[in-house]
Structure formats: structure tokens, C-alpha cells
Amino acid sequence: MITVSSPLDVNRIREDFPILHQRIHGKPLVYLDNAATSQKPKAVIEAIQHFYTSDCSNIHRGVHELSERSTYAYEEARAKVQRFLNAREAREIVIVRGTTEAINLVAQTYGRQRVEAGDEVIITALEHHSNIVPWQMLCEEKRAVLRVAPINDRGELLIEEFERLLSARTRLVALAQVSNALGTVNPVGRVVEMAHRRGVPVLVDGAQAAPHLQVDVRTLDCDFYAFSGHKIYGPTGVGVLYGKAALLEQLDPYQGGGDMIRTVTFEKTTYNTIPYKFEAGTPDIAGVIGLGAAIDYVQGIGMGNIAAHEHELLLYGTEALERIPGLRIIGTAQEKAGVISFVLDGVHPHDIGTVLDQEGIAVRTGHHCAQPVMDRFAIPATTRASLAFYNTFEELDALARGIGRVQEIFGAC
Ligand code: PLP
């Protein structure tokens, strides 16, 4: 039996999350679907409410007081993201709708400018569809080749095989720092080193990493880094693309419209400086301010404390689930974040999810937008419990009991 220890006062922390204090089908809510989206602390909800009740105005264009306040709060949030990622400059932080848009932005700008027929883009076998499809679309358009670095049976990247794929034709490497389907933490630092030795830039999909690990883009030395606000306890509809300034400056705009221009005539438009060149139109101002509040919140707890607590939860939950006969965990990498994906003999994941829901337990079932990962493990789907710092050891006991209930109902072994 594992000894339970945590650097966090989780019961105190849970008071900050109003949504967690409810009953579902008469049972206390156990929210274990954090990889899909995480819950929001009062500080985030209040920051959004404050914007709409006191400061609401469009940004960058007004001289009046409300516009100045909105602009200040929006740019302050950008500066918070910069410090959170340890980016060198605030102009390296592009505000987008989420990880998906960040990756598409790079594919449609960097990709379209630099990738030609016969060139190659390398991804890995554990990517989310968001880090597959934009590259596939680009490669189809350019008649380029998408290369996929394989993983082993534990769900770990085969780094030597990855290195073998790097060639004079490689124009970009794009990989997740943490897999949403398996929990694997990729050795991103080594990947960047290997790629850079050949002059190849690297995009890191940090959707599942930024909420759970200390991220430092300067230490990683990655060229692009993407993450989503809603997975880091902030609002939906906002996200971040970090890009090294020198690279961003060389890229053409992504979309045309207001705010991304310097001058417009019918003959010619000149573009704004970075990051505004990539931020056409009115952004989700309240969302960005909410993201800033979320970053303040997690930094108040400490990313090191968050990672340590979630690691203890992962060990505890893994041990509890491994004791269940007929249950197999998919994704057993040495370096893992708080994701426990599993299959259960004789029961379809959707049935598991439905029974667990009746027990008040929210998990995700399906392919988790990572169909190639399911194919790699020759399964159609998994049930996935994904953890956050507000989860407790008792909730993992409830999950184990819930799976026992599933087995009673379906008469599984
Ligand atoms: N990449 C990974 C690893 C993810 O887990 C997700 C979402 O689950 C995404 C990208 C896409 O994020 P979003 O839908 O917020 O754009």
C-alpha cells in the first residue's frame, strides 16, 4: 500500500472551486475529466465578472477610460503568460483561441512559407488530432511528407527512431509535451537538441503540460509552444502561441482584419508588429483576462506543488486500479503525468463511463481525439481518468469502487 503524502491543503483549495460542491445522481461529484477541460476557481470567474461589470470595452483603439482599463488588463494578462512560460519578451506571446488554433496558425504561416514538395514534417505516434491534421493538410497541399516517430508498448517515444527520421528534408518537428491519451511525458528537451543540431525548429503542443508541469520555454529552447486556457483552469475560447521573436517576425500574417495592420489603402496594406500581426479582429478580451487570473492562481499554489500532488495521486490511483482483476492500464511510461487510461475485460468503455456517471464520477471514454494511439494499442477506445491538483486520494478510492460496481453490473471477471 502506498503512503499518501501531498504538499497541498486540498480541502482548502477545493473551497475555491464552486462547481466541485455538488451531487450528481445523488452522489458527491468526483471530477476526473480534467484533460478534457478543468474547473475554474472563483478568482477566474470573478475576474471575468469584474471585466463585464466594470471595465468592458474594446481594446487598443479607444482613448476613453474603459478602453484604457481593458487594454491594460489584456496586455497585463499577456505579460503574465510571458512570465509563466519564462519567454524573453511579451511580444513572443500570441493570443489565440486555443492549442488547436495555435498549431493551425504555425501550419498556415511557417508551414506554407517554408515547406515545399518533397519536404518533411515529423510528428510522433502519440499526438492529439490537433497536432496531426493541420500537418496532414499542409503536407497534402504542398505534396510534402508527414513522418511519424513511433512509440513502444509503454507509450514512450522511441527517441533513436525519431532521430533517424531527421533529414535534410525535415522542415519542422511537432510533438506533445504530454500525451492526453496516455499521460506520457515526452523528452522534449532532447528532441529539441536533436532537431536543432540539424537546424530544424520544434513546435511543442503543451495543452496537457502547461497545467501540470513547470514550463520554461527558454530552457526547453523550443521554437513554438502552444497551450489552451480552459485546460489550465481558465476560460474556454482563449489560448496561447509562444514563438521566438526572430521566427515570428519572419512569418506572414495568419488572418487579415482589424488590429493586425499598420496602414491600409486599396492598393496595399502594411502589417502591425508582432504579436498583433497575428491577432486580427476583436479577441476574447474577458477570456484573456480570465486566463491571466488562472495563471496567477496556479502560480499562487506553485507549479512544483501541483506537479508533486498530482504525481502522488497518479501513483496512488495506478496502484488502486492495477489491483482490479481484468483491468489493463494503457500508457505505462516511466515519465508520466496525471492520466490513467484503461480497458476492462468484457466491458465497453462507454458502458464504464455510464455506470461511473451514475456514481457521480466524471471520466472520459472514447478515442480521446487520438485515434492513431488507439490503433497502436489495437483497441477502439479507453476509459480515461485525468487528474488535477484539486483531486483527492478518496476520489481515486471512489473510482476504484465505481469500477467494482461496473464489474458487478456486467458480470465481468
Ligand atoms: N493537444 C492536446 C495534447 C490536447 O489534449 C488537446 C485537447 O484535448 C488539444 C491539443 C486541443 O486543445 P483545444 O481543443 O483546447 O484546442
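Order of appearance sets the numbers: ligands from 1, and atoms from 1 within every ligand. Residue numbers run from 1 in the order of the sequence given.
Remark: H129 pairs with H367 by the ring-ring contact (aromatic ring centres under 6.0 Å, His included) rule, at least two apart or across chains.
In terms of polar-atom proximity, S130 is not counted as a contact of ligand 1, lacking any N or O under 3.5 Å from an N or O of the ligand.
With hydrogens and angles left out, the side-chain atoms of S38 and H230 include no donor and acceptor closer than 3.5 Å. Residues N34 and Y390 bring a donor and an acceptor atom of their side chains to less than 3.5 Å of each other.
Of all atoms in ligand 1, numbered sequentially from 1 with element shown, those under 4.0 Å from a heavy atom of S228 are 12 (O), 13 (P), 15 (O), 16 (O). Within ligand 1, the atoms closer than 4.0 Å to a non-hydrogen atom of N180 are 5 (O), numbered from 1 in the order shown.
Counting only heavy atoms of the protein, atom 5 (O) of ligand 1 lies nearest to Q208 NE2, 2.7 Å. The closest protein non-hydrogen atom to atom 3 (C) of ligand 1 is D205 OD2, 3.5 Å. The nearest heavy-atom contact from the protein to atom 14 (O) of ligand 1 is T100 OG1, 3.6 Å. Nearest protein heavy-atom contact of atom 8 (O) of ligand 1 is K231 NZ, 2.6 Å. Among all protein heavy atoms, the one lying closest to atom 4 (C) of ligand 1 is H128 CD2, 3.3 Å.
Annotation: side chain of L314 is not in contact with side chain of Y316 (no heavy-atom distance under 4.5 Å). Here the side chains of I123 and W135 are in contact, with some heavy-atom distance below 4.5 Å.
The six-membered or imidazole ring of Y74 lies near that of H60, with a centre-to-centre distance under 6.0 Å. Checked against a 6.0 Å centroid threshold, the rings of F278 and Y271 do not count as neighbours.
Taking 4.0 Å as the cut-off, E127 does not count as a neighbour of ligand 1 on heavy-atom distance.
Contacts between H230 and ligand 1 below 4.0 angstrom, taking non-hydrogen atoms only, involve the side chain exclusively.
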